[in-house]
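Numbering of ligands and ligand atoms starts at 1, following listing order.
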Amino acid sequence: MNFTGKKITVGITGGIAAYKAADIVSWLKQSGADVSVAMTASACKIITPLTLKVLSGKPVATDINSLSSDWNVPHIDLAATDLFVVVPATANIIAKVAHGIADEIVSAAILATNAPLLFAPAMHTDMYNNPATQANLELLAKRGCKFVEPGSGRLACGAVGKGRLADIEDIKEAITDALLPKQLLQGLKVIVTAGPTHEYIDPFRYISNCSSGKMGYALAAAAAAAGAQVELISGPCQLATSLNVKVTNVVSARQMAAEVFARYNDADIVIMAAAVADYRPEVIADHKIKKTTETTVNFVATTDILNELGKSKGKKLLIGFAAETEDLTDYAQQKLQQKNLDLIIANNISQPGAGFSCDTNIITAISAEGETQQWPQMSKQSVAAKIIELITDLPRFAALPSKKEEK
Ligand SMILES: Cc1cc2nc3c(=O)[nH]c(=O)nc-3n(C[C@H](O)[C@H](O)[C@H](O)COP(=O)(O)O)c2cc1C
């Protein structure tokens with residue numbers, strides 16, 4: 001493994017398996033990562049910070065108030081990382097992170113970090129099964145945290161049940177996946193559309209919808225992280241793009257259609273996540289329409305981009321979204337067939353936690369082969385990563401010309 005150039009923070013909390021974190025830290029260091037370690041007071045009673053200092057080659061943070069020459073502000077320094085791993089993760093740290101508590105070095109650094117979070121929980125079976133712990137785990141999963149599931153077997157206290165720290169090799173694999181995402185789309189060209197469109201009535205007024213663009217931007221980032229060459233055609237949004245995504249900004253449905261059609265021939269995969277207006281004003285007034293004038297605006301249908309793409313799909317993969325408020329699966333299935341899609345991602349936009357503006361989504365994914373998957377509420381980043389994985393499982397994915405050239 002080569003983690004050269006990667007920064008990783010390992011939080012160690014007070015589970016009896018804390019000594020096993022030493023192996024992880026040693027492996028990370030040997031793999032070239034820049035490893036920082038933070039330990040709770042309980043963890044320090046189980047394994048000494050000295051051991052972790054020797055293995056990581058750096059001072060270990062154990063005190064949030066320690067402003068020595070080793071740290072500027074310790075919890076903020078630890079938060080600036082590519083990945084934050086908590087191994088073992090006690091019931092206590094899971095509860096604290098779920099509720100935003102920051103009363104010692106590990107929880108404070110986690111609250112301050114924007115890095116992906118990976119927990120390896122370990123605790124007595126009764127603590128694990130406790131509804132409070134389960135609710136906290138669910139809350140964290142919804143926010144996009146990742147877990148290495150504890151195993152079942154003999155626990156340190158002699159009892160038998162679920163709660164043992166996962167196998168070290170499984171934890172290493174989860175860290176590797178998080179630090180070096182698999183390049184599932186290496187060499188492929190992907191078009192993603194995102195956001196709403198604005199259909200102008202006069203130079204100062206338009207009709208639009210509530211799309212924030214978050215789902216499409218998350219998909220573009222996930223496709224780029226998977227190694228694809230990504231072109232994002234974006235309606236008006238206030239979002240930052242990830243570094244490896246080429247963005248073309250458009251305003252209207254007509255412009256969106258033109259930009260997508262211009263790139264279509266070259267693409268391997270097209271993901272239409274934009275909420276493109278179905279209608280536009282027939283005429284755009286040259287001047288601001290006066291308040292005194294009684295006005296009727298006639299609307300005409302915009303080009304159905306997905307429908308046009310479906311007609312000349314060739315060997316490409318075409319993925320559409322269905323934002324519905326009723327009969328979700330029926331409408332989605334109809335749209336999948338009518339538009340010749342390979343996969344449709346349906347969401348009920350009237351459901352709390354799903355749809356346009358929020359940070360999470362609740363998805364039903366239906367493939368052309370008829371396979372239906374329902375996913376629980378998840379962050380849009382997690383949904384995007386799952387959609388990319390699902391695309392690579394589609395039977396037509398292996399038949400993409402660019403994949404064949406590779407062989
Ligand atoms: C010997 C011993 C082993 C423990 N093992 C665990 C454990 O595996 N998982 C857990 O959640 N708590 C375990 N605990 C309880 C935690 O140490 C306790 O909840 C503590 O407050 C956790 O603090 P921390 O999360 O700040 O490290 C253990 C306690 C002792 C004394």
- Message: Looking at ligand 1, is there an atom of it that comes within less than 4.0 Å of some heavy atom belonging to Ala17?
- Response: no
- Task: Can you measure from CG (Leu328) to CD1 (Ile363) and round to the nearest 0.5 angstrom?
- Result: 9.0 Å
- Message: Tell me whether Arg164 contacts the main-chain N or O of Arg154 through its side chain, where contact means a donor paired with an acceptor under 3.5 Å.
- Response: yes
- Message: Could you identify the single nearest non-hydrogen protein atom to atom 11 (O) of ligand 1 and state the distance to 0.1 Å?
- Response: Ala91 N, 2.8 Å
- Query: Looking at ligand 1, does any of its N/O atoms fall within less than 3.5 Å of an N/O of Glu104?
  - Reply: no
- Looking only at protein heavy atoms, which one is nearest to atom 20 (C) of ligand 1, and how far off is it? Ser42 OG, 3.6 Å
- Message: Heavy atoms only, cut-off 4.0 Å: how does Met127 contact ligand 1, side chain, backbone, both, or neither?
- Response: side chain
- What protein heavy atom sits nearest atom 28 (C) of ligand 1, and how far off is it? Gly14 O, 3.6 Å
- Does Asp342 come within less than 4.0 Å of Lys313, counting only side-chain N to carboxylate O? yes
- Return a yes/no value: protein heavy atom under 4.0 Å from atom 18 (C) of ligand 1? no
- Message: With a 3.5 Å distance limit and no angle check, can you tell me whether Asp202 reaches the backbone of Lys288 through a side-chain donor-acceptor pair?
- Response: no
- Of the backbone atoms (N, CA, C, O) and the side-chain heavy atoms from C-beta on, which set of Thr13 has a member under 4.0 Å from an atom of ligand 1: side chain, backbone, both, or neither? both
- Among all protein heavy atoms, pick out the one at the shortest distance from atom 24 (P) of ligand 1; state its residue, atom name and that distance to 0.1 Å. Asn92 ND2, 3.5 Å
- Of all residues at least two apart in sequence or in a different chain, which pass the side-chain hydrogen bond (donor to acceptor under 3.5 Å, both in side chains) check with Gln377? Thr360
- For the residue pair Gln351 and Thr325, establish whether any side-chain heavy-atom pair is separated by less than 4.5 Å. no
- Task: Specify the protein heavy atom at minimum distance from atom 6 (C) of ligand 1: its residue, its atom name, and the distance to 0.1 Å.
- Result: Gly15 CA, 3.5 Å
- Determine, for Tyr264 and Lys316, whether the Lys NZ or Arg CZ falls below 6.0 Å from the six-membered ring centre while staying within 45 degrees of the axis. yes
- Query: Is the shortest N/O to N/O distance between Thr90 and ligand 1 below 3.5 Å?
  - Reply: yes
- Item | Protein heavy-atom partner closest to atom 5 (N) of ligand 1 - residue, atom, separation in Å | Ile16 N, 3.3 Å
- Query: Who's the nearest protein heavy-atom neighbour of atom 9 (N) of ligand 1, and how far?
  - Reply: Ala122 O, 2.8 Å
- Item | Any donor-acceptor N or O pair under 3.5 Å, side chains Ser234, Tyr217 | yes
- Task: Would you indicate whether the side-chain heavy atoms of Lys20 and Val87 approach each other to under 4.5 Å?
- Result: no
- Within 4.0 Å of some non-hydrogen atom of Met123, the atoms of ligand 1 are 7 (C), 8 (O), 9 (N), 10 (C), 11 (O)
